[in-house]
Amino acid sequence: MTVRTRFAPSPTGYLHIGGARTALFCWLYARHHQGQFILRIEDTDRERSTEAAVQAILDGMAWLELEADEGPFYQTQRFDRYREVAQQLLKGGHAYHCYCSKEELEAMRAEQMARKEKPRYDGRCRSRKEPKPGVTSVIRFKNPVDGQTVVEDAVKGRVVFDNHELDDLIIVRSDDTPTYNFCVVVDDMDMRITHVIRGDDHLNNTPRQMNILKALGVTPPRYAHLPMILGPDGTKLSKRHGAVSVMQYREDGFLPEAVINYLVRLGWSHGDQEVFSREEMLKLFDIDDVNKSASAINPQKLLWLNQHYIKSGDLGMLAAELGWHLERLGVATAGGPALEDLVKAQQERAKTLKEMAEGSRFFFEEIKEYEPQAAAKNLTKDALPGLEALRAKLATLPEWTAPALHDALNATAESLGLKLGKLAQPLRVAVSGGGVSPPIDATLALLGREKSLARLERALEYIHKQ
RNA sequence: GCUCCCUUCGUCUAGAGGCCUAGGACGGAGCCCUCUCAAGGCUUAAACACCGGUUCGAAUCCGGUAGGGAGCGCCA
């Protein structure tokens with residue numbers, strides 16, 4: 001039997017980090033077993049579902065390269081099918097019409113709560129033969145009243161529910177639209193899903209879904225309930241925790257490889273290994289190695305992984321992504337250094353591409369003003385002799401390359417009896433405007449002779465004016 | 001309230017009765033390297049929630065307690 005998994009988000013918001021992890025595990029599990037990964041949009045809540053959210057989910061998955069083998073399927077396009085199955089249950093005596101009003105149900109729940117009981121529908125319409133005049137009914141599933149339903153969960157283990165804890169849930173509303181738990185069951189059945197991998201907030205729904213499946217004469221799929229992902233403070237993930245949308249991570253300068261690698265290690269491990277290529281994940285991932293307990297997001301570790309992929313990533317890819325970020329910052333890259341060369345110079349000193357872009361502005365734009373602290377410390381009269389000597393030396397440098405510049409700087413420092421730092425740092429401020437840049441020889445080489453000398457000249461003027 | 005789930009360093013985790021004076025990673029601290037920032041190298045602090053039981057022996061098995069979480073909708 002080929003494995004078929006599905007990711008079934010409801011389009012009421014962006015693809016957040018928890019959803020992305022669920023999608024990743026579904027995708028990994030299916031691909032690991034040469035099976036299919038299906039995308040299904042659960043948009044039965046027409047009030048809250050939006051087209052923009054559907055697109056956001058698709059975009060997020062595309063960015064993370066979690067490609068679906070089938071779908072997206074939309075539940076709103078399958079309403080006829082759900083009604084058909086509801087009729088089937090009705091005919092088979094597994095479902096019935098309920099005429100209770102919302103007020104009546106609320107009163108019942110209130111009473112039960114007052115008695116410290118679990119609020120549940122008491123099945124009062126189960127035996128009703130005749131319709132109640134003037135009331136449009138809902139359809140309820142007739143849940144078994146005794147016995148147990150056992151979920152053999154791939155991550156949580158054996159979980160037993162007493163059937164009498166489960167009440168008769170509504171499967172079709174009074175406006176004739178199907179409800180979530182029912183759509184899921186019909187879809188998982190029709191789409192021949194073999195493994196339902198989802199968040200453990202659904203664990204309590206599972207016995208209900210299994211019972212409906214059994215009433216339909218279908219063997220339930222295997223279930224795997226993934227633990228939740230928490231915010232950095234250990235509380236439930238929310239907007240307050242910053243980048244909730246996966247696409248926000250791109251905007252913040254993260255690489256999809258890093259996000260995926262980070263997510264795969266949240267709740268899953270393979271010994272002590274921390275870094276996984278996509279191929280390794282596919283080869284090594286197994287649902288048996290998934291943890292039972294919730295895990296908190298650690299932004300520092302994500303940053304570390306991102307830096308790792310920036311340091312080791314493909315230059316062309318990194319250059320393209322850096323270009324995207326520079327563009328977002330409004331930096332025109334024409335006339336500046338080649339982006340691949342820039343990446344080479346910057347990749348060891350940036351945790352995100354956004355940071356790299358921000359630290360690279362001076363290669364493309366003129367310096368508007370010096371960073372006050374860096375200037376106060378380095379662009380002083382004390383620095384004048386060194387900078388002037390450099391001006392003379394660099395103006396006549398036959399070859400404007402990093403090694404040649406390196407030699408020239410060392411020679412100048414030596415002739416003046418200075419440590420290289422005394423020369424390099426003022427020069428760095430002169431050409432970059434601040435105290436941080438790639439190694440000074442590489443910086444000058446990337447900037448080019450003309451710009452470097454002009455900026456050195458400007459710094460000298462700046463010092464003279466003091 | 002009821003049902004279900006969870007509990008190893010700050011965080012992610014290894015650990016499936018003796019290999020554990022509990023390992024790795026991120027972050028922290030310190031040192032080295034160094035033209036800045038980084039990167040890199042080395043060193044270091046830091047955890048089995050608690051209480052009982054089983055066993056020659058428990059982080060690992062069992063029971064309970066405490067603490068977290070989820071569900072209990074004509075939401076998904």
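All chains are named by letter (A, B, ...) in the order of the sequence lines, taking the proteins before the strands, and each is independently numbered beginning at 1.
- Note on A:Val160: only backbone sugar-phosphate atoms sit closer than 4.0 angstrom, heavy atoms only; bases stay farther off.
- With both pairing distances under 3.5 Å, B:C50 is matched to B:G64 as a Watson-Crick or G-U wobble pair.
- Counting only distance, with no hydrogens or angles, the side chain of A:Arg120 and the backbone of A:Leu166 share a donor-acceptor pair below 3.5 Å.
- Among the atoms of the strands shown, base atoms are found under 4.0 Å from some heavy atom of A:Arg265.
- With hydrogens and angles left out, the side-chain atoms of A:Asn261 and A:Tyr309 include a donor and acceptor closer than 3.5 Å.
- Straight-line distance from the NE2 atom of A:His16 to the P atom of B:A76: 16 Å, rounded to whole Å.
- Nucleic acid contact for A:Ile440: base, since at least one base atom lies under 4.0 Å from a heavy atom of the residue.
- Proximity of A:Lys236 to the phosphate of B:A70: a side-chain N or O atom is located under 4.0 Å from OP1 or OP2.
- Here, B:G63 and B:U7 have their P atoms 14 Å apart, quoted to the whole Å.
- A:Asn181 has no side-chain polar atom (N or O) that falls below the 4.0 Å cut-off from OP1 or OP2 of B:G73.
- The residue A:Ser174 sits close to a base: some heavy atom pair falls under 4.0 Å.
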Could you go over nucleotides 37-44 of chain B and give all protein N or O partners under 3.5 Å, atom names and distances?
unit_1 : atom_1 : unit_2   : atom_2 : d
B:C37  : O2     : A:Arg349 : NH1    : 2.9
B:C37  : N3     : A:Arg349 : NH1    : 2.4
B:A38  : O2'    : A:Glu348 : O      : 2.3
B:A39  : OP1    : A:Gln307 : OE1    : 3.4
B:A39  : O4'    : A:Glu348 : O      : 3.3
B:A39  : O3'    : A:Lys311 : NZ     : 2.8
B:G40  : OP1    : A:Lys311 : NZ     : 2.8

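- Rounded to a whole angstrom, the distance from the C1' atom of B:A70 to that of B:G53 is 31 Å.
- One can find a donor-acceptor pair under 3.5 Å joining the base of B:C35 and the side-chain atoms of A:Arg428.
- Comparing B:G27, B:A76, B:C74 by their nearest atom to the side chain of A:Arg140 picks out B:C74.
- Using a 4.0 Å heavy-atom distance criterion, A:Lys102 is classed as a base contact.
- Heavy atoms of A:Val159 sit under 4.0 angstrom from primed sugar atoms or phosphate atoms, though from no base atom.
- For the pair A:Asp162 and A:Gly267, nearest-nucleotide mapping onto RNA chain B gives the more 5' position to A:Asp162.
- Remark: the separation of the C1' atoms in B:U44 and B:G24 is 16 Å, to the nearest Å.
- One atom, CG of A:Leu226, and another, C1' of B:C4, lie 17 Å apart when rounded to the nearest Å.
- Contact annotation: side chain of A:Thr179 to base of B:C74, donor-acceptor pair absent below 3.5 Å.
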List the atom pairs, donor and acceptor, that lie under 3.5 Å between side-chain atoms in residues 136-143 of chain A and the rest of the protein, sequence neighbours left out.
unit_1   : atom_1 : unit_2   : atom_2 : d
A:Ser137 : OG     : A:His97  : ND1    : 2.8
A:Arg140 : NH1    : A:Asp168 : O      : 2.7

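- A:Asp382 and A:Pro385 get closest at one heavy-atom pair: O-CD, 3.4 Å.
- When heavy atoms are screened at a 4.0 angstrom cut-off, A:Thr177 is found touching no nucleic acid atom at all.
- Between the side chains of A:Asn306 and A:Thr352, no donor N or O sits under 3.5 Å from an acceptor N or O.
- Between the side chain of A:Glu274 and the base of B:G24, a donor-acceptor pair under 3.5 Å is found.
- Between the side chains of A:Arg198 and A:Thr5, not a single donor N or O lies within less than 3.5 Å of an accepting N or O.
- B:G52 and B:G15: their C1' atoms are spaced 24 Å apart (whole Å).
- Residue-level contact check: A:Arg48 touches the bases, meaning some heavy atom is under 4.0 Å from a base atom.
- For A:Arg208 and A:Asp167, the salt-bridge test passes: some basic side-chain N is under 4.0 Å from an acidic carboxylate O.
- Computed from coordinates, the A:Asp200 CG to B:G68 C1' distance equals 13 Å when rounded to whole Å.
- A side-chain donor-acceptor contact under 3.5 Å links A:Glu280 and A:Gln273.
- Judged by Watson-Crick or G-U wobble contacts below 3.5 Å, the nucleotide B:A38 has no partner.
- Shown here, B:U3 forms a base pair with B:A70; the pair counts as Watson-Crick or G-U wobble because both key distances fall under 3.5 Å.
- Between A:Trp268 and A:Phe25, the ring center distance fails the sub-6.0 Å criterion.
- In the set B:A76, B:C2, B:A70, the nucleotide with an atom closest to the side chain of A:His202 is B:A76.
- Counting any heavy atom pair closer than 4.0 Å across all strands shown, A:Asp43 reaches no nucleic acid atom.
- Look at the P atom in both B:C9 and B:A46: the space between them is 14 Å, to the nearest Å.
- Distance from the side chain of A:Asp441 is smallest for B:C35 among the nucleotides B:C35, B:U3, B:C6.
- When the C1' atom of B:A25 is taken as reference, atom CG of A:Asn261 falls 12 Å away, rounded to whole Å.
- Across the protein-nucleic acid pair, A:Leu230 atom CG and B:C6 atom C1' stand 11 Å apart, rounded to whole Å.
- Nearest to the side-chain atoms of A:Asn204 among the listed nucleotides B:C2, B:C74, B:G71 stands B:G71.
- A straight line from CG of A:Asn298 to P of B:G28 spans 11 Å, rounded to a whole angstrom.
- Checking B:A70, B:U3, B:C26 against every side-chain atom of A:Phe161, the shortest atom distance belongs to B:U3.
- Residue-level contact check: A:Leu420 touches the bases, meaning some heavy atom is under 4.0 Å from a base atom.
- Between B:C32 and B:U8, the two C1' atoms lie 33 Å apart (nearest whole Å).
- At a cut-off of 3.5 angstrom, counting only N and O atoms as typed in the model, there is a donor on one side and an acceptor on the other between the side-chain of A:Asp272 and the base of B:G23.
- Taking 4.0 Å as the cut-off between side-chain N and carboxylate O, A:Arg81 and A:Asp187 do not count as a salt-bridged pair.
- Pairing partner, B:C56: B:G18, with both Watson-Crick or wobble hydrogen-bond distances short of 3.5 Å.
- Taking for each of A:Arg109 and A:Tyr262 the nucleotide of RNA chain B with the nearest heavy atom, the 5'-most of the two is the partner of A:Tyr262.
- Side chain of A:Ser49 to main chain of A:Arg46: no donor-acceptor pair is present (N/O by atom type, distance under 3.5 Å, no hydrogens or angles).
- Comparing B:C62 with B:C74, their C1' atoms sit 45 Å apart, to the nearest whole Å.
- Taking the side chain of A:Ser269 as heavy atoms from C-beta on, and the options B:U13, B:A25, B:C72, the nearest nucleotide is B:U13.
- With both pairing distances under 3.5 Å, B:C26 is matched to B:G10 as a Watson-Crick or G-U wobble pair.
- Under the 30°/60° scheme for interplanar angles, the aromatic rings of A:Phe254 and A:Tyr249 are found to stand perpendicular.
- We find that CZ of A:Arg115 is positioned 15 Å from P of B:C2, with the value rounded to whole Å.
- Across B:C33 and B:C26, the matching P atoms stand 23 Å from one another, rounded to whole Å.
- For the pair A:Gln148 CD and B:U3 C1', the computed distance is 13 Å after rounding to whole Å.
- Contact annotation for A:Asp167: no contact, since no heavy-atom pair falls under 4.0 Å across all strands.
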